[in-house]
Q: 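Pasting a structure here, questions to come.
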Amino acid sequence: MREKTTNEKAGREKTQVEDIDRSLYDFRNEEKDVYKVEQGLTEEIVEQISREKNDPQWMQLFRLQSLKIYQSMEMPNWGPSIEGLDMEHIVTYVRPKTKMSATWAEVPQDIKDTFERLGIPKAERESLAGVGAQYDSELVYHNVRAEVAAQGVVYTDLESAMHGEYADMIRRHFMHLVKPNDHKFAALHGAVWSGGSFVYVPPGVSVTIPLQSYFRLNAPGAGQFEHTLIIVDEGANLHFIEGCSAPKYNVANLHAGCVELFVGKNAKLRYSTIENWSKNMYNLNTKRAVVEEGGSIEWVSGSFGSHVSYLYPMSILKGRGARMEFTGITFAGKGQNLDTGAKVVHSAPETSSYINTKSISKDGGISTFRSSVTIGSQAAQSRAAVSCQSLMLDDISRSDTIPAMDIRTRDADVGHEAKIGRISDDAVFYLMSRGISEEDARAMIVSGFADNVSKELPLEYAVEMNNLIQLEMKGSIG
């Protein structure tokens, strides 16, 4: 028997990637020894969550006020249908019977096995400055490298931080960018949020290795409502990575998290996300950043999972010379309706923004790109460019582009480009003439289409994205 080559071994080891939509992310743990509230949403349930979280009084009042706002608002009626989401059957808080630990060995074995299979501890050892791991409604593990903590960088769970020396800072910033009255699911988040991370990078500090949070929803019929609050102070630099997944159930799950990013003067933040939720998930997440003078925010976003998504990270360029760049890839397969894009508001002179997205749809999947660019009257000499490209892999899929631009000054440079197309039969034929199968030829073309986006992703996620595309192409011919 001949010795297997290195490439063959690597291929064999990487067969787990075949299960990106199946067993790698689709495994589930039995619900045992968990605490959960009743289904639905009432004042009693919100108060119960608040007690469980040991909220300070201001947060308890904030939750109840958010609940009243939620009850007074209508469901969104302008995007994909969310009729299949019945809040009366969603459990808003599920807590595993464990406390958060900074030591991996202390995490319960079944939960530890989950994150081991997802590769989180390995990634932390090899390439991350700190990791937070959330399981259902609670963080179960949080740790940051000593050398990073020695720089004064704070990376911890939000609940602990609310009771420590940063309590006032959190109170000043919590849901000030995303207010509960923004939309119904922002109000829902304000009422039942749980988990998430708090990051503070002091002035002038550059965190050279990324921080990462990973959110895993295991419970069927549950919602996850983590809150991420990041403050990058003047002249500081940070790369933050967010990953999400869940097993598939035959009941609806909900993700309505919130991300608030504060980028100080001449500071830089890169925020990378890969969302690979199961296809019974309603992903109604809200993300927003404000950027001060000379600062910059870079969004890198990959949306591959969920049944329905509403996801439009927003940047407010508040100070002179503030910059924003958004790079996104969306893959909508069978049974998916993904409504994604980005928003930017230019509120100061000499600001600049660039939105660059790619979307792929197949097997009847629907991909909608939605963007909003606003340039205020005070934002003279600002520049904005939007580029969106869509690739449909068959004649039953759909792709739409809905750009909006509101320009209030003549002294601005604004551009928009959109392309929607199909895979070229000539290109497929050419590759097949070189001995490549039709299946592999199409997968190569799709990977090439997404290449400039995948280059912006952290390495392990770029590999994951490309293998996901290869997997999704399998069996798609004919």
Side-chain angles (χ1 to χ4, degrees), residues 66 130-134 137 139 142 154-159 161-162 169-170 172-180 182-183 185-190 192-201 210-217 223-232 238-245 254-264 267-277 281-291 295-303 305-306 309-318 324-328 340-345 457-458 461:
S66 297
V131 164
Q134 179 159 333
S137 299
L139 280 157
H142 223 292
V154 178
Y155 181 38
T156 186
D157 66 296
L158 196 55
E159 285 96 335
M162 278 198 303
M169 181 182 289
I170 292 173
R172 290 196 307 271
H173 291 85
F174 183 86
M175 293 201 80
H176 278 245
L177 276 182
V178 179
K179 297 184 182 298
D182 275 6
H183 57 82
F185 288 94
L188 172 65
H189 177 90
V192 300
W193 77 273
S194 181
S197 295
F198 170 65
V199 180
Y200 174 68
V201 185
L211 301 177
Q212 171 170 309
S213 285
Y214 198 97
F215 302 104
R216 175 71 176 179
L217 181 57
Q224 193 171 59
F225 308 95
E226 81 285 348
H227 193 98
T228 300
L229 175 60
I230 299 177
I231 302 170
V232 184
L238 173 68
H239 182 193
F240 191 88
I241 304 170
E242 175 186 76
C244 320
S245 70
L254 169 63
H255 179 237
C258 180
V259 174
E260 295 184 291
L261 310 175
F262 294 83
V263 182
K268 182 177 180 179
L269 173 60
R270 183 179 178 91
Y271 195 93
S272 301
T273 304
I274 289 290
E275 298 197 345
N276 198 12
W277 296 114
M281 177 72 77
Y282 289 81
N283 183 30
L284 310 176
N285 211 7
T286 306
K287 301 181 179 184
R288 196 162 296 169
V290 62
V291 187
S296 71
I297 175 73
E298 297 178 11
W299 302 91
V300 181
S301 178
S303 299
S306 77
S309 275
Y310 286 43
L311 184 60
Y312 328 97
M314 180 178 181
S315 304
I316 302 167
L317 304 180
K318 183 180 176 184
M324 179 277 264
E325 186 170 329
F326 178 89
T327 304
T340 63
K343 298 188 286 186
V344 59
V345 176
L457 295 171
Y461 286 125

Q: Do L229 and F262 make a side-chain contact, defined as non-hydrogen atoms from C-beta onward lying under 4.5 Å apart?
A: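 A side-chain contact exists here, since the closest heavy-atom pair is under 4.5 Å.
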Q: Between K287 and E242, is there a salt bridge with N-O shorter than 4.0 Å?
A: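 Yes, this pair counts.
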Q: Could you go step by step and tell me if I230 and Y271 meet the side-chain contact (heavy atoms from CB on, under 4.5 Å) rule?
A: CA-CA 10 Å; I230 299 177; Y271 195 93; 3.8 Å; yes
Q: Could you check, using the six-membered ring where one of them is a Trp, whether H255 and Y282 have ring centers closer than 6.0 angstrom?
A: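 No.
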Q: Give the minimum heavy-atom separation between H189 and C258, together with the two atoms involved.
A: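 It is NE2-CB, 3.3 Å.
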Q: Between I316 and V291, is there a side-chain heavy-atom distance shorter than 4.5 Å?
A: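 No - every pair of side-chain heavy atoms lies 4.5 Å or more apart.
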Q: Who pairs with S303 by side-chain hydrogen bond (donor to acceptor under 3.5 Å, both in side chains), at least two apart in sequence or on another chain?
A: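 With neighbours one apart ignored, the set is empty.
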Q: Among residues at least two apart in sequence or on other chains, which ones pass salt bridge (charged side-chain N to carboxylate O under 4.0 Å, His left out) with K343?
A: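 Result, salt bridge (charged side-chain N to carboxylate O under 4.0 Å, His left out) vs K343: none returned.
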Q: Measuring from K268:NZ to I297:CD1, what's the distance to the nearest 0.5 Å?
A: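 One gets 10.5 Å once the value is rounded to the nearest 0.5 Å.
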Q: Less than 4.5 Å apart, any side-chain heavy atom of R288 and any of L261?
A: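 A side-chain contact is absent here, since even the closest heavy-atom pair is not under 4.5 Å.
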Q: Is there a side-chain contact between S272 and F240 (heavy atoms, below 4.5 Å)?
A: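 No, too far: nothing below the 4.5 Å cut-off.
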Q: Taking all non-hydrogen atoms of both residues, which atom of A289 and which atom of W299 are closest, and how far apart?
A: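 Looking at all heavy atoms of both residues, the shortest contact is CB-CZ2, 3.7 Å.
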Q: State, to 0.1 Å, how close L177 and D182 come at their nearest heavy-atom pair, and which atoms those are.
A: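 Looking at all heavy atoms of both residues, the shortest contact is O-OD2, 4.0 Å.
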Q: Taking E159 for its side chain and G195 for its backbone only, find out whether a donor-acceptor pair lies under 3.5 Å.
A: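 Yes, the answer is positive, given that a donor and an acceptor are paired below the 3.5 Å cut-off.
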Q: For S306, give me all partners under side-chain hydrogen bond (donor to acceptor under 3.5 Å, both in side chains), at least two apart in sequence or on another chain.
A: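 S306 satisfies side-chain hydrogen bond (donor to acceptor under 3.5 Å, both in side chains) with S309 once adjacent residues are dropped.
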Q: Could you tell me which non-hydrogen atom of T156 sits nearest to which non-hydrogen atom of A161, and how far apart they are?
A: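 The pair with the smallest heavy-atom distance is CG2-CB, 3.9 Å.
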Q: In sequence, state the C-alpha distance, the side-chain angles, and the governing distance for F225 and N285, and then conclude on side-chain contact (heavy atoms from CB on, under 4.5 Å).
A: CA-CA 9 Å; F225 308 95; N285 211 7; over 6 Å; no
Q: With sequence neighbours excluded, what pairs up with H183 under the side chain to side chain contact (heavy atoms under 4.5 Å, CB included) test?
A: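 In terms of side chain to side chain contact (heavy atoms under 4.5 Å, CB included), with neighbours along the sequence ignored, H183 is linked to F185, A186, T286.
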Q: Quick one, D157 with F198, criterion side-chain contact (heavy atoms from CB on, under 4.5 Å). Give me CA distance, side-chain angles, the key distance, then yes/no.
A: CA-CA 6 Å; D157 66 296; F198 170 65; over 6 Å; no
Q: Identify the heavy atoms of M175 and P180 that sit nearest to each other, and give their distance.
A: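 Heavy-atom minimum between the residues: CE-N, 4.1 Å.
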Q: Should F174 and L158 count as side-chain neighbours, where that means a heavy-atom distance under 4.5 Å?
A: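 Yes. Closest side-chain heavy atoms under 4.5 Å.
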Q: Is there a side-chain contact between L254 and L284 in this structure, where contact means two heavy atoms from C-beta onward sitting under 4.5 Å apart?
A: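 L254 vs L284: side chains touch.
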Q: Going through the distances and angles, do V263 and V290 end up as a side-chain contact (heavy atoms from CB on, under 4.5 Å)?
A: CA-CA 6 Å; V263 182; V290 62; over 6 Å; no
Q: What residues, two or more places apart in sequence or in another chain, satisfy side-chain hydrogen bond (donor to acceptor under 3.5 Å, both in side chains) together with Y200?
A: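 Testing Y200 for side-chain hydrogen bond (donor to acceptor under 3.5 Å, both in side chains), a comparison that skips the adjacent residues, returns D233.
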Q: If we check side chain to side chain donor-acceptor pair (under 3.5 Å) with E260, which of these qualifies: H227, H176, H173?
A: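 Among the candidates, only H227 passes.
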Q: List for me each residue that meets side-chain hydrogen bond (donor to acceptor under 3.5 Å, both in side chains) alongside W193, sequence neighbours excluded, and say none if there are none.
A: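 Not a single residue meets the side-chain hydrogen bond (donor to acceptor under 3.5 Å, both in side chains) criterion with W193.
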Q: Going from CD on E298 to CZ on R270, what distance comes out if it is rounded to the nearest 0.5 angstrom?
A: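 Atom-to-atom, E298:CD and R270:CZ are 5.0 Å apart.
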Q: Taking all atoms of both residues into account, what is the closest heavy-atom pair of A187 and S66, and its distance?
A: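 Residues A187 and S66, closest heavy atoms: O-CB, 3.4 Å.
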Q: Evaluate the side-chain proximity of L211 to L238: yes if any heavy-atom separation is below 4.5 Å, no if none is.
A: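 Yes - at least one pair of side-chain heavy atoms lies under 4.5 Å apart.
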